[in-house]
Chemist: 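The structure follows.
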Amino acid sequence: MDNYLELVYAVTRRIPRGRVTTYGAIADYLALGSARMVGWALHQSIGAADVPAHRVVNRKGELSGRLHFPTPTMMQQLLESEGVVVVENRVQDFPQRFWHPAEDEE
DNA sequence: AAGGTGACAGGGT
DNA sequence: TACCCTGCCACCT
């Protein structure tokens, strides 16, 4: 178990309900690796039910990771259950929904 | 050992 | 807004 994975999971778990963030924002906050590393880390999160990976999208607000969930629609389903509107695999009002780890609003 | 791949991002056109 | 190219870095052939 790489410590890097735990770091990414820890940040992901702090994403407020109903908000989303990006791979790049997490990489930027950790100041480790790159956005690709975060994508890789979340890929490993499959099976870790306590990690809300559905709240992490790419810079355009697209649900680029939906195909890695148990079902292709689960990611969108989870987001909508939190009040996040998703259309054509894209988060609506993305700039407003965006949350950066450094904000730490909770 | 070397090259390809990927849940990405930023800048140019 | 969209498409293309380049940088990124660990993992998997």
Chemist: In whole angstrom, give the distance that lies between atom CG of A:Leu30 and atom C1' of B:dA9.
Modeler: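 Taking atom C1' of B:dA9 as the reference, CG of A:Leu30 is at 16 Å.
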
Chemist: Show every side chain to side chain donor-acceptor pair (under 3.5 Å) that has at least one partner inside residues 37-48 of chain A, sequence neighbours left out.
Modeler: none

Chemist: When you compare the protein's N or O atoms with those of nucleotides 10-13 of chain C, which come within less than 3.5 Å of each other, and at what distance?
Modeler:
none

Chemist: Measure CG/A:Asn89 against P/B:dA7 and give the value in whole Å, please.
Modeler: 15 Å

Chemist: State which residues pass salt bridge (Lys or Arg N to Asp or Glu O under 4.0 Å) with A:Glu82; sequence neighbours excluded, sorted by chain then number.
Modeler: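 For A:Glu82, the residues satisfying salt bridge (Lys or Arg N to Asp or Glu O under 4.0 Å) (neighbours in sequence not counted) are A:Arg55.
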
Chemist: Give one of base, sugar-phosphate or nothing for A:Ser45, where a contact means two heavy atoms less than 4.0 Å apart.
Modeler: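 Here A:Ser45 touches the bases of the nucleic acid.
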
Chemist: For a side chain to side chain contact (heavy atoms under 4.5 Å, CB included) with A:Phe69, tell me which candidate from A:His54, A:Gln77, A:Gln76 qualifies.
Modeler: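 With A:Phe69 as partner, side chain to side chain contact (heavy atoms under 4.5 Å, CB included) holds for just one option, A:His54.
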
Chemist: Partners of A:Arg13 by side-chain contact (heavy atoms from CB on, under 4.5 Å), sequence neighbours excluded?
Modeler: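 Scan of A:Arg13 (side-chain contact (heavy atoms from CB on, under 4.5 Å), adjacent residues dropped) gives A:Glu6, A:Tyr9, A:Asp50, A:Val51, A:Pro52.
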
Chemist: Distance check needed: C:dC9 P versus A:Tyr23 OH, whole Å only.
Modeler: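 Atom-to-atom, A:Tyr23 to C:dC9, this comes out as 19 Å.
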
Chemist: Spell out, as yes or no, whether a donor-acceptor pair under 3.5 Å connects the side chain of A:Thr21 to the backbone of A:Trp99.
Modeler: yes

Chemist: The criterion is side-chain hydrogen bond (donor to acceptor under 3.5 Å, both in side chains); which residues satisfy it with A:Arg97, sequence neighbours excluded?
Modeler: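 Listed in chain order: nothing, the list is empty.
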
Chemist: Starting at atom CG of A:Leu78, determine the distance to atom C1' of B:dA7, rounded to an integer number of angstrom.
Modeler: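 Value for this atom pair: 15 Å.
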
Chemist: Whole angstroms only, please: what is the CD-P distance between A:Glu62 and C:dA2?
Modeler: 8 Å

Chemist: Starting from A:Val85, walk the hydrophobic network (Ile, Leu, Val, Met, Phe, Trp, Tyr; side-chain heavy atoms closer than 4.5 Å) and list everyone else you reach, by chain and number.
Modeler: A:Val87

Chemist: Specify the separation, in whole Å, of atom NE2 of A:His68 and atom C1' of B:dG6.
Modeler: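 It works out to 8 Å between those atoms.
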
Chemist: Base, sugar-phosphate, or nothing: which does A:Ala53 touch, judged by heavy atoms less than 4.0 Å apart?
Modeler: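 Touches a base.
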
Chemist: Send over the distance from A:Arg59 CZ to C:dT1 C1', rounded to a whole Å.
Modeler: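 Interatomic distance, CZ of A:Arg59 to C1' of C:dT1: 12 Å.
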
Chemist: It should be established whether A:Ser34 places a side-chain nitrogen or oxygen under 4.0 Å from OP1 or OP2 of nucleotide C:dG7.
Modeler: no

Chemist: Rounded to whole angstrom units, what separation is found between the CD atom of A:Gln92 and the C1' atom of C:dT1?
Modeler: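 Between C1' of C:dT1 and CD of A:Gln92: 14 Å.
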
